[in-house]
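Note that ligands are numbered from 1 as they come in the structure, with each ligand's atoms numbered from 1 the same way.
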Amino acid sequence: MTTPRFSPTDVTVVFFLGGPGSGKGTQSANLVSSYGFVHLSAGDLLRAEQERTGSQYGDMIREYIREGKIVPMEVTVALLSNAMADSLASSPPPAGTKARFLIDGFPRKLDQAHFFEDTVCPSELVLFLDCPEDVMEARLLKRGETSGRADDNAESIRKRFRTFVETSMPVVEYFRKKDRVVEVRADIPIEEVFAKVQAGIEARNIHRR
Ligand code: UDP
Ligand code: MG
(Lines give C-alpha, C1' and ligand atoms only; values in the text may rest on other atoms or scores of the structure.)
(Ligands and ions follow the chains in the order given, each with its own letter.)
Protein backbone atom coordinates (compact mmCIF):
# COMPACT_ATOMS: atom_id res chain seq x y z
CA MET A 1 0.00 0.00 0.00
CA THR A 2 1.19 3.46 -0.86
CA THR A 3 0.17 6.43 1.23
CA PRO A 4 -1.43 9.29 -0.71
CA ARG A 5 0.64 12.48 -0.90
CA PHE A 6 -2.19 14.57 0.61
CA SER A 7 -4.63 13.64 3.35
CA PRO A 8 -8.38 14.28 3.11
CA THR A 9 -8.10 15.77 6.58
CA ASP A 10 -6.07 18.63 5.04
CA VAL A 11 -7.57 18.96 1.56
CA THR A 12 -10.94 18.43 -0.08
CA VAL A 13 -10.84 17.08 -3.61
CA VAL A 14 -13.85 17.33 -5.92
CA PHE A 15 -13.63 15.78 -9.38
CA PHE A 16 -15.51 17.63 -12.13
CA LEU A 17 -16.59 15.53 -15.10
CA GLY A 18 -18.79 16.00 -18.13
CA GLY A 19 -18.41 15.68 -21.87
CA PRO A 20 -16.30 18.11 -23.86
CA GLY A 21 -18.28 21.33 -24.12
CA SER A 22 -20.60 20.47 -21.23
CA GLY A 23 -19.61 23.68 -19.42
CA LYS A 24 -17.08 22.55 -16.83
CA GLY A 25 -14.82 25.56 -17.34
CA THR A 26 -17.70 28.03 -16.97
CA GLN A 27 -19.11 26.39 -13.85
CA SER A 28 -15.62 26.02 -12.39
CA ALA A 29 -15.27 29.81 -12.41
CA ASN A 30 -18.55 30.04 -10.46
CA LEU A 31 -17.37 27.45 -7.95
CA VAL A 32 -14.09 29.28 -7.45
CA SER A 33 -15.82 32.56 -6.66
CA SER A 34 -18.56 31.07 -4.47
CA TYR A 35 -16.63 28.50 -2.46
CA GLY A 36 -12.96 29.36 -2.81
CA PHE A 37 -12.08 26.27 -4.75
CA VAL A 38 -8.65 26.12 -6.34
CA HIS A 39 -9.42 25.21 -9.94
CA LEU A 40 -7.08 22.73 -11.61
CA SER A 41 -7.97 21.80 -15.20
CA ALA A 42 -6.19 18.66 -16.34
CA GLY A 43 -6.47 19.79 -19.97
CA ASP A 44 -5.04 23.24 -19.17
CA LEU A 45 -2.14 21.67 -17.25
CA LEU A 46 -1.42 19.34 -20.18
CA ARG A 47 -1.52 22.24 -22.67
CA ALA A 48 0.86 24.23 -20.47
CA GLU A 49 3.23 21.25 -20.25
CA GLN A 50 3.02 20.85 -24.02
CA GLU A 51 4.23 24.45 -24.43
CA ARG A 52 6.87 24.32 -21.70
CA THR A 53 10.37 24.70 -23.07
CA GLY A 54 12.37 21.57 -22.37
CA SER A 55 9.37 19.32 -21.75
CA GLN A 56 10.01 15.80 -22.95
CA TYR A 57 6.26 15.25 -23.30
CA GLY A 58 5.26 18.14 -25.59
CA ASP A 59 4.93 16.23 -28.85
CA MET A 60 3.23 13.29 -27.21
CA ILE A 61 0.65 15.51 -25.49
CA ARG A 62 -0.07 17.42 -28.72
CA GLU A 63 -0.76 14.18 -30.57
CA TYR A 64 -3.01 12.74 -27.85
CA ILE A 65 -5.05 15.91 -27.52
CA ARG A 66 -5.64 16.24 -31.25
CA GLU A 67 -6.76 12.62 -31.38
CA GLY A 68 -9.00 13.03 -28.33
CA LYS A 69 -7.09 10.25 -26.57
CA ILE A 70 -6.15 10.07 -22.91
CA VAL A 71 -2.54 11.03 -22.18
CA PRO A 72 -0.72 8.34 -20.13
CA MET A 73 -1.90 8.90 -16.61
CA GLU A 74 1.51 9.22 -14.95
CA VAL A 75 2.03 12.51 -16.80
CA THR A 76 -1.37 13.99 -15.93
CA VAL A 77 -1.35 12.83 -12.33
CA ALA A 78 2.13 14.26 -11.75
CA LEU A 79 1.01 17.62 -13.17
CA LEU A 80 -2.06 17.67 -10.92
CA SER A 81 -0.19 16.54 -7.83
CA ASN A 82 2.52 19.14 -8.33
CA ALA A 83 -0.06 21.86 -8.97
CA MET A 84 -1.76 20.97 -5.68
CA ALA A 85 1.57 21.13 -3.84
CA ASP A 86 2.41 24.48 -5.47
CA SER A 87 -0.95 25.91 -4.49
CA LEU A 88 -0.65 24.75 -0.88
CA ALA A 89 2.85 26.24 -0.67
CA SER A 90 2.09 29.58 -2.33
CA SER A 91 -1.42 30.21 -0.97
CA PRO A 92 -2.09 27.95 2.01
CA PRO A 93 -5.66 27.94 3.33
CA PRO A 94 -6.39 29.96 6.50
CA ALA A 95 -5.40 28.16 9.70
CA GLY A 96 -7.91 25.55 10.72
CA THR A 97 -9.48 25.28 7.25
CA LYS A 98 -8.96 22.83 4.43
CA ALA A 99 -7.84 23.65 0.93
CA ARG A 100 -10.50 22.80 -1.66
CA PHE A 101 -9.42 21.55 -5.05
CA LEU A 102 -11.74 21.32 -8.02
CA ILE A 103 -10.14 18.91 -10.47
CA ASP A 104 -11.71 19.72 -13.85
CA GLY A 105 -11.72 17.17 -16.66
CA PHE A 106 -10.19 14.37 -14.62
CA PRO A 107 -10.26 11.38 -14.04
CA ARG A 108 -11.26 10.48 -17.59
CA LYS A 109 -10.42 6.82 -17.22
CA LEU A 110 -10.93 4.40 -14.36
CA ASP A 111 -7.27 3.58 -13.89
CA GLN A 112 -6.54 7.31 -13.49
CA ALA A 113 -9.17 7.53 -10.77
CA HIS A 114 -7.63 4.67 -8.81
CA PHE A 115 -4.07 5.87 -9.33
CA PHE A 116 -4.94 9.41 -8.22
CA GLU A 117 -6.88 8.30 -5.15
CA ASP A 118 -4.14 5.85 -4.13
CA THR A 119 -1.15 8.15 -4.64
CA VAL A 120 -2.40 11.76 -4.46
CA CYS A 121 -5.63 12.08 -2.47
CA PRO A 122 -9.03 10.37 -2.17
CA SER A 123 -11.87 12.52 -3.53
CA GLU A 124 -15.01 13.58 -1.67
CA LEU A 125 -17.37 14.04 -4.58
CA VAL A 126 -17.79 13.86 -8.34
CA LEU A 127 -19.74 16.65 -10.04
CA PHE A 128 -21.06 15.47 -13.36
CA LEU A 129 -22.53 17.73 -16.05
CA ASP A 130 -24.84 15.77 -18.31
CA CYS A 131 -25.33 17.37 -21.72
CA PRO A 132 -26.61 16.06 -25.08
CA GLU A 133 -23.94 15.66 -27.76
CA ASP A 134 -25.64 17.97 -30.26
CA VAL A 135 -25.56 20.81 -27.71
CA MET A 136 -21.92 20.14 -26.82
CA GLU A 137 -20.94 19.93 -30.47
CA ALA A 138 -22.53 23.29 -31.28
CA ARG A 139 -20.75 24.90 -28.29
CA LEU A 140 -17.37 23.43 -29.23
CA LEU A 141 -17.62 24.47 -32.87
CA LYS A 142 -18.53 27.98 -31.73
CA ARG A 143 -15.63 27.99 -29.26
CA GLY A 144 -13.36 26.73 -32.03
CA GLU A 145 -13.87 29.98 -33.93
CA THR A 146 -11.74 31.76 -31.33
CA SER A 147 -10.21 29.22 -28.90
CA GLY A 148 -7.17 28.36 -30.95
CA ARG A 149 -7.51 24.83 -29.55
CA ALA A 150 -6.27 22.16 -31.91
CA ASP A 151 -9.10 19.85 -30.83
CA ASP A 152 -12.07 22.20 -31.33
CA ASN A 153 -12.73 20.99 -34.89
CA ALA A 154 -15.38 18.57 -36.16
CA GLU A 155 -13.07 15.59 -36.49
CA SER A 156 -11.36 15.92 -33.09
CA ILE A 157 -14.74 16.61 -31.47
CA ARG A 158 -16.10 13.32 -32.80
CA LYS A 159 -13.11 11.46 -31.36
CA ARG A 160 -13.43 13.25 -28.01
CA PHE A 161 -17.11 12.27 -27.75
CA ARG A 162 -16.22 8.67 -28.43
CA THR A 163 -13.50 8.64 -25.78
CA PHE A 164 -15.90 10.26 -23.35
CA VAL A 165 -18.64 7.68 -23.84
CA GLU A 166 -16.39 4.63 -23.94
CA THR A 167 -13.71 5.54 -21.44
CA SER A 168 -14.87 8.37 -19.19
CA MET A 169 -18.49 7.43 -18.53
CA PRO A 170 -17.36 4.25 -16.71
CA VAL A 171 -15.67 6.56 -14.19
CA VAL A 172 -19.00 8.28 -13.55
CA GLU A 173 -20.72 4.89 -13.21
CA TYR A 174 -18.07 3.69 -10.77
CA PHE A 175 -18.53 6.66 -8.45
CA ARG A 176 -22.30 6.58 -8.91
CA LYS A 177 -22.37 3.08 -7.44
CA LYS A 178 -20.60 4.52 -4.42
CA ASP A 179 -23.20 7.29 -4.21
CA ARG A 180 -20.54 9.94 -4.67
CA VAL A 181 -21.93 11.68 -7.77
CA VAL A 182 -23.88 14.90 -8.04
CA GLU A 183 -25.35 14.94 -11.53
CA VAL A 184 -26.69 18.09 -13.17
CA ARG A 185 -28.27 18.63 -16.58
CA ALA A 186 -26.20 21.12 -18.50
CA ASP A 187 -28.29 22.09 -21.54
CA ILE A 188 -30.12 24.80 -19.60
CA PRO A 189 -29.03 28.41 -18.83
CA ILE A 190 -25.70 28.81 -17.01
CA GLU A 191 -27.30 30.29 -13.87
CA GLU A 192 -29.74 27.40 -13.62
CA VAL A 193 -26.95 24.86 -13.96
CA PHE A 194 -25.03 26.66 -11.25
CA ALA A 195 -28.02 26.74 -8.90
CA LYS A 196 -28.25 22.96 -9.18
CA VAL A 197 -24.49 22.54 -8.75
CA GLN A 198 -24.68 24.67 -5.60
CA ALA A 199 -27.57 22.66 -4.24
CA GLY A 200 -25.56 19.47 -4.79
CA ILE A 201 -22.42 20.84 -3.14
CA GLU A 202 -24.35 22.10 -0.14
CA ALA A 203 -26.45 18.94 0.24
CA ARG A 204 -23.16 17.05 0.57
CA ASN A 205 -21.76 19.65 2.95
CA ILE A 206 -18.67 20.19 0.83
CA HIS A 207 -18.79 23.90 1.67
CA ARG A 208 -18.43 23.22 5.40
CA ARG A 209 -15.59 20.75 5.36
N1 UDP B 1 -6.67 14.99 -21.41
C2 UDP B 1 -6.07 13.82 -20.99
N3 UDP B 1 -6.17 13.43 -19.70
C4 UDP B 1 -6.91 14.13 -18.79
C5 UDP B 1 -7.52 15.33 -19.19
C6 UDP B 1 -7.39 15.73 -20.52
O7 UDP B 1 -5.42 13.15 -21.78
O8 UDP B 1 -6.98 13.71 -17.64
C9 UDP B 1 -6.52 15.41 -22.81
C10 UDP B 1 -7.49 14.65 -23.71
O11 UDP B 1 -6.86 14.44 -24.95
C12 UDP B 1 -8.64 15.65 -23.84
C13 UDP B 1 -7.86 16.97 -23.90
O14 UDP B 1 -6.80 16.78 -22.96
O15 UDP B 1 -9.43 15.42 -24.98
C16 UDP B 1 -8.65 18.21 -23.59
O17 UDP B 1 -9.14 18.16 -22.28
P18 UDP B 1 -9.99 19.37 -21.67
O19 UDP B 1 -10.42 18.95 -20.30
O20 UDP B 1 -9.26 20.63 -21.81
O21 UDP B 1 -11.25 19.42 -22.64
P22 UDP B 1 -12.76 19.82 -22.30
O23 UDP B 1 -13.41 18.54 -21.89
O24 UDP B 1 -12.72 20.83 -21.21
O25 UDP B 1 -13.30 20.37 -23.58
MG1 MG C 1 -12.48 22.47 -20.19
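Within the listing of ligand 1, atoms 4 (C), 5 (C), 8 (O) sit less than 4.0 angstrom from a heavy atom of G105. Here is the list of ligand 1 atoms found below 4.0 Å of a heavy atom in P20: 23 (O), 25 (O). Counting atoms of ligand 1 from 1 in the listed order, those under 4.0 Å from a heavy atom of Q112 are 3 (N), 8 (O). Annotation for ligand 1: atoms under 4.0 Å from non-hydrogen atoms of L46 are 1 (N), 2 (C), 3 (N), 6 (C), 7 (O), 9 (C). Listed by number with element, the atoms of ligand 1 under 4.0 Å from a non-hydrogen atom of D151 are 16 (C). If you number the atoms of ligand 1 from 1 as listed, the ones under 4.0 Å from a heavy atom of F106 come out as 8 (O). If you number the atoms of ligand 1 from 1 as listed, the ones under 4.0 Å from a heavy atom of V71 come out as 2 (C), 7 (O).
For L141, the CG atom counts as densely surrounded, since its 6.0 Å shell holds more than 12 non-hydrogen atoms of other residues, nucleotides or ligands.
A salt bridge is absent between D10 and K98; no separation between the charged side-chain nitrogens and carboxylate oxygens falls under 4.0 Å.
Judged by the 6.0 Å and 45° rule, K24 forms no cation-pi pair with F16.
With a 4.0 Å cut-off on non-hydrogen atoms, K109 does not touch ligand 1 at all. Of all the heavy atoms of T76, the ones lying under 4.0 Å from any atom of ligand 1 belong exclusively to the side chain. Only side-chain heavy atoms of K24 come within less than 4.0 Å of ligand 1; its backbone N, CA, C and O stay farther off. When heavy-atom distances to ligand 1 are checked against a 4.0 Å cut-off, R143 comes that close only through its side chain, counted from C-beta outward. When heavy-atom distances to ligand 1 are checked against a 4.0 Å cut-off, E67 has no atom that comes that close, whether in backbone or side chain.
At least one heavy atom of R47 sits closer than 4.0 Å to an atom of ligand 1.
Residue contacts with ligand 1: R160 is placed with a nitrogen or oxygen under 3.5 Å of a nitrogen or oxygen of the ligand (distance criterion only). Residue contacts with ligand 1: G68 is placed with no nitrogen or oxygen under 3.5 Å of a nitrogen or oxygen of the ligand (distance criterion only).
The shortest distance between side-chain heavy atoms of V182 and V197 does not fall below 4.5 Å. Side-chain contact check for Y64 versus I70: every heavy-atom pair is 4.5 Å or farther apart. Looking at V181 and Y174, their side chains never come closer than 4.5 Å, going by heavy atoms from C-beta outward.
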Stepwise salt bridge (Lys or Arg N to Asp or Glu O under 4.0 Å) test for R139 and D152: CA-CA 10 Å; R139 290 178 182 171; D152 283 345; over 6 Å; no
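The six-membered or imidazole ring of F15 lies near that of F116, with a centre-to-centre distance under 6.0 Å.
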